[in-house]
Amino acid sequence: MDGIEGKLDLSGLNPEQLEAVRTTEGPLLVLAGAGSGKTRVLTHRIAYLLAEQGAAPWEILALTFTNKAAGEMRARVEALTGGAAEGMWVLTFHACCARILRREIERLGYERTFSIYDDADQQALLRRIVRELSLNDKVYTPRMLAARISDAKNHSLDPARLLREEGAPQQVCDAFARYEKALRHNNALDFDDLLLKVLELFERFPEVLQRYQQRFRYILVDEYQDTNNLQYMLASMLAEGWGNICVVGDDDQSIYKFRGATIENILSFEKQYKGCRTIRLEQNYRSTGHILSAANAVIANNTERKGKTLWTNAGAGDKLLLYTARNEDDEAQFVAAKILAHRGEGGNFRDCAVLYLSLIHISE
C-alpha cells in the first residue's frame, strides 16, 4: 500500500486524526465529536500498529459495545492490512470477558461449559423466585428485580451489602440471594457476571491478570463515555501492564446513565493517567454549518464536559426551522406535511428522520 507512511495509506486523514493514529505509546484520550470520523481513526490506528509499529495481532485488544461495531471494525482493519488482523481481539466487553472465562473460570469453581443467561432466561428465573418467595408480583416484577440486581452488580454489591449499604428492601435482597444461588447451581452467569467474574478472577489470581496484561500491549476502547464501573475497572487493570491505553469517546453524547454508564470515566481520564495526551476531533463530516452552530450553542450549557467546538467545510446549509405547534395533532400534521413536500420534490422517505423527546414527570 503506497501512502505517506510507505506501507499504510494515511493521506485521507485530517491533522488531528493523523496525530491520534500515530500517537501509539502511553495513555491517549481522543475526544471525538459527532461525525468526526472516530471509527476511521480507530481502524487506522490499529492498522498502523500492525503495519508500522510491528505489533503482533494478538498484542492488540479493541473493545466496543455492540457485535455490529466490533464486526465492522475488524472488517475495516482487515481491508486496510490485507488480512493481517487474524488473532487480534476486536470484541465487545462481554464477549472479551466470556472468552477469558472459557479459559480460566475453573479457578472460580465453575465448569468451562457454563451457560450465559439472556434476558428471557433471567426473566423466567426471577418469575419463579417471585413465586417461591410469595412476593407481590405487582410490586416486585421480574424486570424491576433484574434492574436492581444489575445495578448492584455494576457497583460490586452482593445481597448483604446491598441491604446494609444501600438500604434496599429485604424482599429485593432475598430475591437477589436466591437468584445468585440458582445461577451457581445451574453453572450459569448473566451478562453482568461476565465482567464481574473476570474482575474477581484478576483480583484472586494475580498471575492470571499479569498474563493478560503482558499479552495486550495495546488497548483501545470505543465509546468510552458509555462505560460503566465494571468496564472501567477491567480496562484499567489490563492497561497496567504496558500503559498503552487509547480511549475514544464524546463526553457530549453520554446518554446511558440509566444503564450504569458513568460520565466521570471519561471526564477523569486525564487525572487517572498522568502525562496523558488529549486530542480533539472537531471537524464534522456529517452536518452543515447551521446545524453545528445550533448544536454547539445547546451543548455549551452542559456543565459536565471537556469542551470542544464542532466545525465543517460543508458550507452553511439550510437554516434550521423552529415551529411551535398548538398541540400534538398540529405537530403531527406539520411533520407529515414536511415529509410529503420532500417526497413531492423527488426525495425519498428513507432520507427523513423524526426524533421525538418525551418528557415524563414521575412523582415521588
Side-chain angles (χ1 to χ4, degrees), residues 58 61-74 87-132 141-159 162 172 175-205 208-209 211-212 215-216 219 221-223 226-235 237-238 256 258-261:
W58 53 86
L61 172 63
L63 297 169
T64 186
F65 280 83
T66 67
N67 290 322
K68 181 180 179 181
E72 178 185 350
M73 192 181 301
R74 172 175 287 278
M88 183 177 64
W89 286 28
V90 183
L91 301 164
T92 65
F93 275 95
H94 292 87
C96 171
C97 289
R99 184 175 293 187
I100 292 173
L101 291 174
R102 291 295 181 195
R103 302 176 180 186
E104 313 286 352
I105 200 169
E106 290 176 336
R107 296 172 181 266
L108 300 179
Y110 291 81
E111 297 177 9
R112 291 189 181 185
T113 55
F114 65 87
S115 301
I116 301 173
Y117 275 23
D118 61 15
D119 184 67
D121 297 323
Q122 187 181 43
Q123 294 294 304
L125 175 56
L126 287 169
R127 275 194 295 271
R128 192 189 81 195
I129 290 172
V130 168
R131 290 194 301 270
E132 291 174 351
T141 66
R143 194 155 297 281
M144 182 275 278
L145 290 172
R148 292 298 299 268
I149 290 170
S150 178
D151 184 66
K153 290 187 176 185
N154 283 330
H155 292 88
S156 301
L157 297 175
D158 59 24
L162 182 64
V172 171
F176 185 8
R178 186 162 296 204
Y179 173 80
E180 290 291 274
K181 184 177 179 180
L183 285 180
R184 187 74 183 223
H185 176 76
N186 295 334
N187 192 44
L189 306 176
D190 62 23
F191 284 119
D192 294 310
D193 283 331
L194 294 175
L195 281 71
L196 200 57
K197 294 302 180 184
V198 169
L199 292 173
E200 180 185 348
L201 179 74
F202 287 168
E203 290 170 354
R204 289 178 55 187
F205 302 96
V208 176
L209 171 60
R211 179 156 28 94
Y212 286 97
R215 172 185 175 131
F216 297 125
I219 297 172
V221 184
D222 190 16
E223 304 289 5
D226 291 332
T227 53
N228 62 25
N229 184 56
L230 299 182
Q231 291 158 341
Y232 162 81
M233 292 174 63
L234 178 68
M237 292 174 78
L238 289 172
Y256 291 113
F258 69 96
R259 290 197 321 211

How are the rings of Phe202 and Tyr212 set to each other: parallel, tilted or perpendicular (split at 30° and 60°)?
tilted
Return the CH2 to CZ distance between Trp89 and Arg74, rounded to the nearest 0.5 Å.
11.0 Å
What residues form a side chain to side chain contact (heavy atoms under 4.5 Å, CB included) with Arg128, not counting sequence neighbours?
Leu125, Arg131, Glu132, Ala182
To the nearest 0.5 Å, what is the distance between SG (Cys96) and CG (Leu61)?
5.0 Å
On a heavy-atom basis, the closest approach of His94 and Leu195 is CD2-CD1, 3.2 Å
Under 3.5 Å: donor-acceptor pair, side chain of Arg178, backbone of Val130:
no
Is a donor on one side and an acceptor on the other found under 3.5 Å between the side chain of Arg102 and the backbone of Phe114?
yes
Kindly say whether Leu196 contributes a backbone atom to a donor-acceptor pair with the side chain of Asp193 at under 3.5 angstrom?
no
Going by the rule ring pair (Phe, Tyr, Trp, His ring centres under 6.0 Å), which residues pair with Phe93 if we only count those two or more places apart in sequence or in a different chain?
Phe65
Which distance, rounded to the nearest 0.5 Å, do you find between the CG of Leu108 and the CG of Leu201?
5.0 Å
Salt bridge (Lys or Arg N to Asp or Glu O under 4.0 Å) partner of Glu104, chosen from Arg204, Arg211, Lys197:
Arg211
Less than 4.5 Å apart, side chain to side chain, heavy atoms only: is that true for Leu230 and Leu234?
no
Report the distance from atom CG of Leu126 to atom CG of Asp190, rounding to the nearest 0.5 Å.
9.5 Å
Looking only at non-hydrogen atoms, find the nearest pair between Pro142 and Arg127 and report the distance.
CG-CG, 3.2 Å
Quick one: closest heavy-atom pair of Thr92 and Leu63, and the distance?
O-CD2, 4.1 Å
Over 12 non-hydrogen atoms of neighbours within 6.0 angstrom of CG in Asp119
yes
Please check: side-chain N/O of Asp151 versus main-chain N/O of Ala147, any donor-acceptor pairing under 3.5 Å?
no
Hey, does the side chain of Asp121 reach the backbone of Asp118 with a donor-acceptor pair shorter than 3.5 angstrom?
yes
For the atom pair CG (Leu183) and CD1 (Ile149), what is the distance rounded to the nearest 0.5 Å?
8.5 Å
Any donor-acceptor N/O pair, Arg215 side chain to Trp58 backbone, under 3.5 Å
yes
dist Met73:CE -> Asp222:CG (nearest 0.5 Å) comes out at 4.5 Å
Measure across Tyr110 and Ala188 and return the closest heavy-atom pair with its distance rounded to 0.1 Å.
CE2-O, 4.1 Å
Is the shortest heavy-atom distance from the side chain of Lys181 to the side chain of His185 under 4.5 Å?
no
How close do Ser150 and Asp192 get, counting heavy atoms only, and between which atoms?
OG-OD2, 2.7 Å
Between Arg112 and Arg103 (side chain of the first, backbone of the second, donor and acceptor by atom type, cut-off under 3.5 Å), is there such a pair?
yes
Evaluate the side-chain proximity of Tyr179 to Leu145: yes if any heavy-atom separation is below 4.5 Å, no if none is.
no
Side-chain donor/acceptor of Gln231 to backbone N/O of Asn228, under 3.5 Å:
yes
Is the closest side-chain heavy-atom distance between Glu180 and Asp158 below 4.5 Å?
no
Can you tell me if Arg143 has over 12 outside heavy atoms packed within less than 6.0 Å of its CZ?
no
Are side-chain heavy atoms of Ile105 and Leu189 found at a separation under 4.5 Å?
yes
Ignoring hydrogens and angles, tell me if any N or O in the side chain of Asn187 forms a donor-acceptor pair with the backbone of Glu111 under 3.5 Å.
yes
List the atom of Phe176, the atom of Lys153, and the distance in Å for their closest heavy-atom pair.
CE1-CE, 3.9 Å
For Asp226, check side-chain hydrogen bond (donor to acceptor under 3.5 Å, both in side chains) against everything at least two apart and list the hits.
none
